Amino acid sequence: MAQLKPTSLSEKSISQNPSGAEYATDRGFKWLARASGVGTIVLLVAVLIVIGAEALPAISKHGLSFLTSAVWAPGRNEFGILAEIWGTLYSSILALIIAGFFGVAISIFLTQDFLPPALAQVFRTIVEMLAAIPSVVYGLWGIFVVIPAIRPVANWLHEYLGFIPLFSTSFGGPGMAPAVIVLAIMVLPTVAAISQDAFRLIPYKVKEAAYGMGTTRWEAILKVMVPTAANGIFASLVLGFGRALGETMALAMIIGNANQISLSLFSPANTLASLLASTFPEAGQIEREALMFAALTLLFITFIVNVAGTIIMSFASKQQTS
């Protein structure tokens, strides 16, 4: 009977001590990650310094009145961005409501076994491809498709429901409604993609436990899966809101670029990003300083949104674990 040949310790061991090259690679990766983090902070500070230096004369001259006035008259050296702040927040919030509803619905549809895996992957790819379409193409689509499509509905709503502030003005073409629709479609891929990741990270045993307790399919989804993925869904909404705040070309083409504050969905409006895009190329020195002040305001709004989202997510995580 043949005897087994004894093996050495190195042959029997499953794992081995890292080699010198692996130690060096690990250290190099750590330093690269640290350098990338520091470089990101330095780049952000550099952007703020450059924009702040350009905007400093306008900040000194206009002060807080720049944020509370809706007049933009370069010929009289009068500048105010209250209408643009309103248009930015109003359009972004409305678009986020639409994109949030449909984005979460799509993520549920694609992750909760409503479709065969191969077909779900096809729909997932189609949704992700929406993010690759250039902004100017969305703007053209809004001009030639969205505006003509909603004009009959808008005119009917204004005629019969014009006493409601949302429909108080007639629809002549570019305005808040087509801008919100196009912006919602642009934000949709961000919300849908991150929400899908949040649902896929939930262990399958959570769903099995819900079914084991006698829940129906929709009870398991709405009362178990959605609350479990709430942090990821909220993160997708925060990122989508940030995307909506900074969108430029599509809104500049279809929002109307009018400095006015109105609740009506059919009235023209303006946003900070579209103001910068449409005005900066022909701006003089004084107007350019005011535009830099507007850019600094947009950066501040985006920063506040992201910080507030991070704080809320952190608070929600602590509440879930406590």
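Every value quoted in this text rests on a predicted model; they were computed, and no experiment measured them. Position 1 is the first residue of the sequence, and the numbers go up from there.
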Item to check | Side chain S195, main chain S107, donor-acceptor under 3.5 Å | outcome: no
Checklist outcome for this item: Correct closest heavy-atom pair for A210 and V224 would be CB-CG2, 3.9 Å
Next on the checklist: Please determine whether the number of non-hydrogen atoms from other residues, nucleotides or ligands lying under 6.0 Å from atom CG of L32 exceeds 12.
Outcome noted: yes
Next on the checklist: I'd like to check I301 versus L272 (side-chain heavy atoms, cut-off strictly below 4.5 Å). Are they in contact?
Outcome noted: yes
Next on the checklist: Would you compute the distance between atom CD1 of I233 and atom CG of D197 and round it to the nearest 0.5 angstrom?
Outcome noted: 11.5 Å
Checklist entry - About how many Å separate CG of L166 and CE of M176, when rounded to the nearest 0.5 Å? => result 11.0 Å
Item to check | Test item: F101 and I97 side chains (from C-beta on) under 4.5 Å apart, heavy atoms | outcome: no
Checklist entry - Same cluster or not: are I164 and V153 linked, directly or through other Ile, Leu, Val, Met, Phe, Trp or Tyr residues, by side-chain heavy atoms under 4.5 angstrom apart? => result yes
Item to check | Least distance between heavy atoms, G214 atom then E219 atom | outcome: O-OE1, 4.5 Å
Item to check | Nearest-0.5 Å distance, CZ of residue F66 to CD1 of residue I81 | outcome: 4.5 Å
Next on the checklist: What verdict does the side chain to side chain contact (heavy atoms under 4.5 Å, CB included) test give for K223 and T215, after you've listed the backbone C-alpha separation in whole Å, the side-chain angles of each residue and the deciding distance to 0.1 Å?
Outcome noted: CA-CA 9 Å; K223 295 183 179 180; T215 62; over 6 Å; no
Checklist entry - Under the 3.5 angstrom rule, does the side chain of Y211 hit a backbone N or O of T216 as a donor-acceptor pair? => result no
Item to check | Separation of M225 CE from Q112 CD (nearest 0.5 Å) | outcome: 4.0 Å
Checklist entry - Considering all heavy atoms of both residues, which atom of G80 and which atom of W72 are nearest to each other, and what is their separation? => result O-CE3, 3.6 Å
Item to check | Minimum-distance pair of heavy atoms, taken over all atoms of F79 and A290 | outcome: CG-CB, 3.7 Å
Checklist entry - Which distance, rounded to the nearest 0.5 Å, do you find between the CG of L245 and the CD1 of I304? => result 12.0 Å
Item to check | Ring centroid separation F266 to W156 under 6.0 Å | outcome: no
Checklist entry - Is there side-chain contact between L110 and Q121, with at least one heavy-atom pair below 4.5 Å? => result no
Checklist entry - Taking a hydrophobic cluster as the set of Ile, Leu, Val, Met, Phe, Trp and Tyr residues connected by side-chain heavy atoms closer than 4.5 Å, whether directly or through intermediates, do F199 and Y204 fall within one such cluster? => result no
Checklist entry - Just by distance, do the side chain of S92 and the backbone of F241 share a donor-acceptor pair under 3.5 Å? => result no
Next on the checklist: Is it true that, when you exclude L140 itself, more than 12 heavy atoms of the residues, nucleotides or ligands shown sit nearer than 6.0 Å to its CG?
Outcome noted: yes
Checklist entry - Can you check whether K207 reaches I202 side chain to side chain, under 4.5 Å on heavy atoms? => result no
Checklist entry - Under the 3.5 angstrom rule, does the side chain of T297 hit a backbone N or O of F293 as a donor-acceptor pair? => result yes
Checklist entry - In terms of hydrophobic clusters joined by side-chain contacts under 4.5 Å, are I59 and L299 together? => result yes
Checklist entry - A99 and V191: which non-hydrogen atoms are nearest, and at how many Å? => result O-CG1, 3.9 Å
Checklist entry - What do you reckon, are the aromatic ring centroids of H158 and F171 less than 6.0 Å apart? => result no
Checklist entry - Looking only at atom types and distance, does a side-chain atom of S274 sit under 3.5 Å from a main-chain N or O of N270, one as donor and one as acceptor? => result no
Item to check | N/O donor-acceptor pair under 3.5 Å between T279 side chain and L276 backbone | outcome: no
Checklist outcome for this item: Taken in chain and number order and not counting sequence neighbours, the residues that satisfy salt bridge (charged side-chain N to carboxylate O under 4.0 Å, His left out) with R243 are E247
Item to check | Within-4.5 Å side-chain heavy-atom neighbours: E78 and S69 | outcome: no
Checklist entry - Do side-chain atoms of N257 reach the backbone of S278 as a donor and acceptor pair under 3.5 angstrom? => result no
Next on the checklist: Please tell me whether L275 and L89 are part of a single hydrophobic cluster in this structure, the criterion being side-chain heavy atoms less than 4.5 Å apart.
Outcome noted: yes
Next on the checklist: Quick one, L67 and L82 - any side-chain contact, counting heavy atoms below 4.5 Å?
Outcome noted: no
Next on the checklist: Could you check whether any side-chain N or O of Q196 sits under 3.5 Å from a backbone N or O of A192, counting only pairs where one atom can act as donor and the other as acceptor?
Outcome noted: yes
Item to check | Side-chain donor-acceptor pair present, Q260, W86, cut-off under 3.5 Å | outcome: no
Next on the checklist: Could you go through L239 and S236, starting from their C-alpha distance and side-chain angles, then the distance that decides it, and tell me whether this counts as side chain to side chain contact (heavy atoms under 4.5 Å, CB included)?
Outcome noted: CA-CA 5 Å; L239 292 176; S236 72; 5.9 Å; no
Item to check | Closest contact, heavy atoms only, L251 versus S91 | outcome: CD1-OG, 4.4 Å
Item to check | Pairwise side-chain contact, V226 with I108, heavy-atom cut-off 4.5 Å (strictly under) | outcome: yes
Item to check | side chain to side chain contact (heavy atoms under 4.5 Å, CB included) between I106 and R124, intermediate numbers included | outcome: CA-CA 9 Å; I106 288 172; R124 192 175 298 116; over 6 Å; no
Checklist entry - Would V137 and I185 show up in the same hydrophobic cluster when neighbours are defined by side-chain heavy atoms closer than 4.5 Å? => result yes
Checklist entry - So, T271 versus T88: side-chain donor-acceptor pair below 3.5 Å or not? => result no
Item to check | Neighbour count above 12 (heavy atom, 6.0 Å) for F234 CZ | outcome: yes
Next on the checklist: Under the criterion side chain to side chain contact (heavy atoms under 4.5 Å, CB included), I'd like the reasoning laid out for E208 against K205: C-alpha separation, chi angles, the key distance, then a yes or no.
Outcome noted: CA-CA 5 Å; E208 290 181 333; K205 62 183 180 181; 4.2 Å; yes
Checklist entry - Should L44 and T40 count as side-chain neighbours, where that means a heavy-atom distance under 4.5 Å? => result no
Checklist entry - Any sub-3.5 Å donor-acceptor pair from R288's side-chain atoms to E282's backbone N or O? => result no
Item to check | Intermediate values then yes/no, ring-ring contact (aromatic ring centres under 6.0 Å, His included), W218 and F114 | outcome: CA-CA 11 Å; W218 281 107; F114 285 95; 5.4 Å; yes
Checklist entry - Residues two or more places apart in sequence or in another chain: which of them pass ring pair (Phe, Tyr, Trp, His ring centres under 6.0 Å) with W31? => result none
Item to check | Distance (rounded to the nearest 0.5 Å) between L237 CG and T190 OG1 | outcome: 11.0 Å
